[in-house]
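Lettering of chains follows the sequences in order, A, B, ..., and the numbering in each one begins at 1. Because only heavy atoms are used, hydrogens play no part in the values below, and waters and symmetry mates are left out as well, while side chains stay in.
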Protein chains: 2
Amino acid sequence: MQKLRNLRTTQQRTIILEELRNRKDHPSADEIFSRVRKRLPRISLGTVYRNLEILTQLGEIQELKLSGSLKRYDWNPNKHYHIRCVNCDRVENAPIAPLNQIEDDLYQATVFEIIGHNLEFTGLCPDCTQKDQETRQPPRASRP
Amino acid sequence: MQKLRNLRTTQQRTIILEELRNRKDHPSADEIFSRVRKRLPRISLGTVYRNLEILTQLGEIQELKLSGSLKRYDWNPNKHYHIRCVNCDRVENAPIAPLNQIEDDLYQATVFEIIGHNLEFTGLCPDCTQKDQETRQPPRASRP
DNA sequence: CTACATGCAAATGCTTTGCAACCTA
DNA sequence: TAGGTTGCAAAGCATTTGCATGTAG
């Protein structure tokens with residue numbers, strides 16, 4: 001996590017943001033790296049990652065954490081949703097009914113052939129909620 | 001991808017499934033590895049991964065691909081959903097309104113303090129739909 | 001000047017894979 | 001006995017980090 005104070009406007013940061021806004025797609029860090037390198041041949045991948053992190057925290061861009069490599073296994077093969085604790089990564093079932101018609105809602109609006117969907121909630125589990133509150137200085141602080 | 005034919009019932013496969021069903025949580029491959037190793041001290045992590053893959057394809061269990069380390073970046077910081085092509089990984093916006101009240105629906109049903117949610121669709125993009133159809137032997141095959 | 005940023009390279013963490021030996025049907 | 005399966009180790013890959021150097025404010 002960064003501190004986000006006394007940020008500086010570097011060429012690298014500026015150009016990364018520009019390249020991301022120029023083409024309105026959803027590139028990976030590595031793709032952004034390739035684009036930016038055309039203008040700044042000496043930039044490194046690490047710098048790209050660090051700046052994307054900062055720009056995300058500033059709210060200038062959005063970081064999509066797509067369903068990817070972080071795998072968990074569920075004894076229950078039936079469709080259901082989950083909630084994951086952002087602090088300790090604990091996963092539990094989210095007691096909410098499957099959105100059976102949501103794919104139909106999208107059907108007419110996209111050129112994709114829809115295969116499925118996944119809904120994931122994030123939150124703080126009871127244990128981490130407690131620790132979170134204990135850590136805070138002012139008594140009745142609340143999350144934004 | 002496996003062929004899933006002529007599968008054999010090995011001790012490893014059986015015990016992995018048992019351990020997953022014994023405790024109805026959502027363990028990582030590594031956690032499953034630890035549990036199983038208590039009963040089969042010589043089992044390897046690779047075997048665990050291979051069997052989890054097979055059991056998933058058999059529909060015995062479910063593999064959760066949680067939002068994790070695989071990142072993409074979006075020039076638009078506002079809340080919206082995405083659809084990802086399972087074949088080429090292309091990501092596009094899913095033109096569907098944000099589910100503003102879904103977190104409220106969950107609120108009373110979970111002990112987690114909810115922070116947010118993410119909805120992701122999977123599908124085939126136009127390019128891959130075409131290739132997919134070209135690849136199939138019978139003319140008008142359709143997806144299940 | 002000085003604290004933030006960068007380039008480079010090494011390290012991480014999780015997952016996959018090649019291969020010879022091993023077992024199940 | 002054949003071919004699926006295993007253990008082991010090495011390889012992959014995206015992402016993170018340590019450090020000396022560079023630079024914006």
Side-chain angles (χ1 to χ4, degrees), chain A residues 1-19 26-58 60-73 84 86 88-89 91, chain B residues 1-19 26-58 60-61 63-73 84 88-89 91:
Chain A
M1 205 59 104
Q2 299 272 343
K3 293 169 210 165
L4 289 191
R5 56 175 186 189
N6 299 352
L7 289 180
R8 290 178 187 175
T9 307
T10 62
Q11 222 184 151
Q12 287 85 341
R13 185 126 72 224
T14 306
I15 290 181
I16 286 170
L17 185 53
E18 277 180 18
E19 286 299 323
H26 304 78
S28 63
D30 199 63
E31 288 166 340
I32 294 169
F33 174 56
S34 302
R35 296 179 195 175
V36 173
R37 200 164 39 172
K38 289 176 186 165
R39 297 171 62 184
L40 296 175
R42 295 186 54 77
I43 197 172
S44 70
L45 227 202
T47 298
V48 171
Y49 272 108
R50 278 182 288 230
N51 277 299
L52 288 170
E53 160 83 24
I54 290 169
L55 290 168
T56 299
Q57 288 185 40
L58 287 174
E60 295 288 335
I61 64 173
Q62 181 173 180
E63 182 182 278
L64 308 182
K65 300 182 208 76
L66 299 178
S67 57
S69 48
L70 211 193
K71 295 179 181 175
R72 293 298 186 89
Y73 297 88
R84 179 175 52 84
V86 296
C88 70
D89 257 12
V91 174
Chain B
M1 204 60 102
Q2 300 273 340
K3 294 167 208 166
L4 287 193
R5 56 177 186 187
N6 300 350
L7 289 181
R8 291 178 186 177
T9 309
T10 62
Q11 225 184 150
Q12 288 84 341
R13 185 127 72 221
T14 307
I15 291 181
I16 287 170
L17 186 53
E18 277 180 19
E19 287 299 322
H26 305 78
S28 64
D30 200 63
E31 287 166 339
I32 294 170
F33 175 55
S34 303
R35 295 179 196 177
V36 173
R37 198 164 40 171
K38 289 176 186 165
R39 297 171 62 185
L40 296 175
R42 295 186 54 77
I43 198 173
S44 70
L45 226 202
T47 298
V48 171
Y49 271 108
R50 278 182 288 229
N51 277 299
L52 289 171
E53 161 82 24
I54 290 171
L55 290 168
T56 299
Q57 288 187 37
L58 287 174
E60 295 288 334
I61 64 173
E63 183 182 278
L64 310 180
K65 301 182 210 76
L66 300 178
S67 55
S69 47
L70 214 192
K71 298 175 181 176
R72 293 298 187 90
Y73 298 87
R84 179 174 52 83
C88 70
D89 255 14
V91 175

Could you state the atom-to-atom distance from [atom1] of [X] to [atom2] of [N] in whole Å?
X	N	atom1	atom2	answer
A/I15	D/dA24	CD1	P	12 Å
B/F33	C/dT16	CZ	P	15 Å
B/I54	C/dT16	CD1	P	12 Å
B/I16	D/dT5	CD1	P	12 Å
A/E53	D/dA14	CD	P	19 Å
A/R37	C/dT6	CZ	C1'	15 Å
A/E31	D/dA14	CD	C1'	13 Å
A/Y49	C/dA11	OH	C1'	15 Å

- Message: For a quick check of understanding: with a heavy-atom distance under 4.0 Å over all strands, which category does B/N51 fall into, base, sugar-phosphate or nothing?
- Response: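 Here B/N51 touches the backbone only, sparing every base.
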
- Message: Under 4.0 Å, heavy atoms only, any strand: does A/L45 hit a base, just the sugar-phosphate, or nothing?
- Response: base

- Chi angles and distances behind the side chain to side chain contact (heavy atoms under 4.5 Å, CB included) call for B/I15, B/I43: CA-CA 11 Å; B/I15 291 181; B/I43 198 173; over 6 Å; no

- A/R13 side chain: which of C/dG7, C/dA5, D/dT6 is closest? C/dA5

Under 3.5 Å, which protein N or O atoms sit close to an N or O of nucleotides 21-25 of chain C? Give each pair with its distance.
residue	atom	partner	partner atom	Å
C/dT24	O2	B/R8	NH1	2.7
C/dA25	OP1	B/T9	N	3.3

- Within a strict 4.5 Å, meaning less than it, do heavy atoms of the B/V48 and B/R37 side chains meet? no

- Quick one: does A/T47's side chain get under 4.5 Å of A/V36's, heavy atoms only? no

- Task: Output the distance between atom CG (A/N51) and atom CD (A/E53), rounded to the nearest 0.5 Å.
- Result: 10.0 Å

- Gap separating the CD atom of A/Q62 from the CG atom of A/L52, nearest 0.5 angstrom: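 That separation rounds to 13.0 Å.
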
- Message: I need the minimum non-hydrogen distance between B/I32 and B/P27, along with the two atoms involved.
- Response: CG1-CG, 3.6 Å

Would one find a side-chain N or O of [X] under 4.0 angstrom from OP1 or OP2 of [N]?
X	N	result
A/R42	C/dT6	no
A/Q12	C/dG7	yes
A/R50	C/dT6	no
A/N6	C/dA5	no

- 5'-most by nearest nucleotide on DNA chain C - B/T47 or A/S44: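 The residue closer to the strand's 5' end, by nearest nucleotide, is A/S44.
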
- Task: With sequence neighbours excluded, tell me which residues meet salt bridge (Lys or Arg N to Asp or Glu O under 4.0 Å) with B/E19.
- Result: B/R39

- DNA chain D: B/V48 or B/Y73, which has the more 5' nearest nucleotide?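 Between the two, 5'-proximity favours B/V48.
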
